[in-house]
Amino acid sequence: MSWQERIWYGGSYYPLLENEENWSKDLGLMKEAGINFVRTAEICNSWDRLEPSKGHTEFTVLDRFFALCERLEMKVLLGTGTAAPPYWLHQLDPSVNIVSHQGRAFPNNATYGWACYNNPTFKSAARDYLTTLVQHYRHHEALLGYQINNEIGYPFMPLDDHGLSYYCYCDHCKAGFRTWLKEKYHTLEALTHAWSWTTTTTAHQDWEDVQPPYVKPAAWASVTRFLDWRLYQMSVMTQQVAWENTLIKTLDTTHPTVTNVFTLKSQDPLGVITAMDPFEIAKHVDVIGYDLYPGSGNKLKTKPHFSSYFFDHLRSVAQSQNIPYWLSEAEGGPIGGWVLGPDYNTKGVDLWRNQIEAVGHGVHAMLYQLFKEMPFQPLHWG
């Protein structure tokens, strides 16, 4: 039976962060629950642990986990790890960090998604790592496929309240923006006309003088300039997924690629702020996946219809490219909160509701995040 013909039911699991003596018990419980695949190495248990220093990869422990999954007839969805680069990449080239519109480098020790996808150092290191990773596991019987990146989009932790820190303002991004504008407008005269906005009109005399917006168009700033900047950032996201997919497919044409997006966050409906276009992204993968957390942001009370329109949107994205769609992350336990307790205490009835919604909308895979609560931080999640 091909991967397209099966219904996949899984949970995220991180063997490099678990005691190895727990693997057999945990995977055994998964089997009893009907789980037939696990996801790993997408953020946690990822690039920084599998390549702890540049050019030096350590797959021995993960190899043993793959072998156990093969014995249990379970599959592994292997993350590319590009959302969470190792710290040595920052040490090698500090300019790899995203730069805010205020010139502040995004901290690489806060969350994932801190590296600029346009940075040549990032691209080179990611190419080397991903090539080695795919070559190592492409023939393994336990491999289901590859998850490209993880919830691609600029930082989940903006450096200010103005919303512009989601976008990178480094020199590489500025140069890319100018190239993008040249392809769209062709001449500086056409660009000047498009960006004209009453008293703030600037007649550009040289392409090198063209800058991205450093403020939102709340008053007298050009709306078109801001919209172009966001559209360009959307293209950066799409190109990164396409780049990873192309690299994987040159090495392995047998296993599918999937990427998961998070475009229906409470703070960012349809990915408008974080600059994602799932319809474009879906053109560059074998499977498109969405991450669903109806328990977060009080959505179950304020938007009881949330899950339904969530799946309707996902289905329309997948159908636009005639590809399958997965529920790449589903909440599996208490959501949010720290030592005082969760924001929402997800219960069994919530899991049943999410499953019924997913199956009713034609989802071909559902993955719980997490299978068990994270042991390495005091955060109630999964």
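Computed over heavy atoms, backbone and side chain alike; hydrogens, waters and symmetry mates excluded.
Remark: the Asn149 side chain and the Gln240 side chain contain no N/O donor-acceptor pair separated by less than 3.5 Å. There is no side-chain donor-acceptor pair under 3.5 Å between Gln319 and Tyr325. Under 3.5 Å, the side chains of Gln4 and Ser2 contain a donor-acceptor pair of N or O atoms. Side chains of Glu42 and Tyr14: a donor-acceptor N/O pair is present below 3.5 angstrom, by distance only.
Listed by chain and residue number, Asp228 satisfy the side chain to side chain donor-acceptor pair (under 3.5 Å) test with Lys184 (two or more places apart in sequence, or in another chain). With sequence neighbours left out, the ring pair (Phe, Tyr, Trp, His ring centres under 6.0 Å) criterion links His193 to no other residue. Residues forming a side chain to side chain donor-acceptor pair (under 3.5 Å) with Asn108 (at least two apart in sequence, or on another chain): Asn97. For Tyr146, there are no ring pair (Phe, Tyr, Trp, His ring centres under 6.0 Å) partners, not counting sequence neighbours. For the side chain to side chain donor-acceptor pair (under 3.5 Å) test, residues two or more places apart in sequence or in another chain that qualify with Asp350 are Tyr344, Arg353. Not counting sequence neighbours, the partners of Lys283 by the side chain to side chain donor-acceptor pair (under 3.5 Å) test are Glu280. Applying the ring pair (Phe, Tyr, Trp, His ring centres under 6.0 Å) rule to Phe59 yields the partners His136, Tyr137; only residues at least two apart in sequence or on another chain are considered.
You'll find the ring centres of Tyr232 and Trp229 inside the 6.0 Å limit.
Evaluation of the salt bridge (charged side-chain N to carboxylate O under 4.0 Å, His left out) test over residues 22-33, restricted to residues two or more places apart or in two chains, returns Asp26-Lys372. Residue pairs satisfying the salt bridge (charged side-chain N to carboxylate O under 4.0 Å, His left out) criterion with at least one member in residues 51-78, sequence neighbours excluded, are listed as follows: Glu20-Arg64. Here salt bridge (charged side-chain N to carboxylate O under 4.0 Å, His left out) pairs that include residues 312-324, with residues two or more places apart or in two chains, are Asp312-Arg315.
Hydrophobic clustering (ILVMFWY, side-chain heavy atoms < 4.5 Å, transitive): Val359 and Tyr290 are in distinct clusters. The hydrophobic cluster containing Val363 does not contain Ile356, counting ILVMFWY residues as joined when their side-chain heavy atoms lie under 4.5 angstrom apart, directly or transitively. Follow the hydrophobic side-chain contacts under 4.5 Å out from Leu62 and you reach Met74 in the same cluster.
When atom types are taken as modelled, the side chain of Asp93 and the backbone of Thr121 share no donor-acceptor pair closer than 3.5 angstrom. Listed for the Thr259 side chain is a donor-acceptor partner under 3.5 Å among the backbone atoms of Ile148. Between the side chain of Asp252 and the main chain of Thr254, a donor-acceptor pair closer than 3.5 Å is present. In this structure, Asn45 contributes its side chain and Leu16 its backbone to a donor-acceptor pair below 3.5 Å.
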Contacts under 3.5 angstrom, residues 126-135 side chains, donor-acceptor by atom type, not counting sequence neighbours:
| residue | atom | partner | partner atom | Å |
| --- | --- | --- | --- | --- |
| Thr131 | OG1 | Arg127 | O | 2.7 |
| Thr132 | OG1 | Asp128 | O | 3.0 |

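The shortest side-chain heavy-atom distance between Met366 and Gln355 falls under the 4.5 Å cut-off. Put simply, the side chain of Phe310 does not reach to within 4.5 Å of the side chain of Glu357, judged on heavy atoms.
Expressed to the nearest 0.5 Å, how far NZ of Lys174 lies from SG of Cys168 amounts to 9.5 Å.
Salt bridge present: Lys249 and Asp286 bring a charged side-chain N and a carboxylate O closer than 4.0 Å.
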- request: Take Tyr185 and Trp180, measure what side chain to side chain donor-acceptor pair (under 3.5 Å) needs, and give me the verdict at the end.
  value: CA-CA 9 Å; Tyr185 293 110; Trp180 186 90; over 6 Å; no
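In this pair, Tyr9 and Tyr368 present their aromatic rings perpendicular. The plane angle is above 60°, beyond the 30 to 60° band.
Around the CG atom of Asn322, the shell of radius 6.0 Å holds no more than 12 heavy atoms that belong to other residues, nucleotides or ligands.
Taking Ile, Leu, Val, Met, Phe, Trp and Tyr as hydrophobic and joining them when side-chain heavy atoms fall under 4.5 Å apart, one finds Val258 in a cluster with Trp3, Trp8, Phe37, Leu77, Leu144, Val287, Trp326, Leu367.
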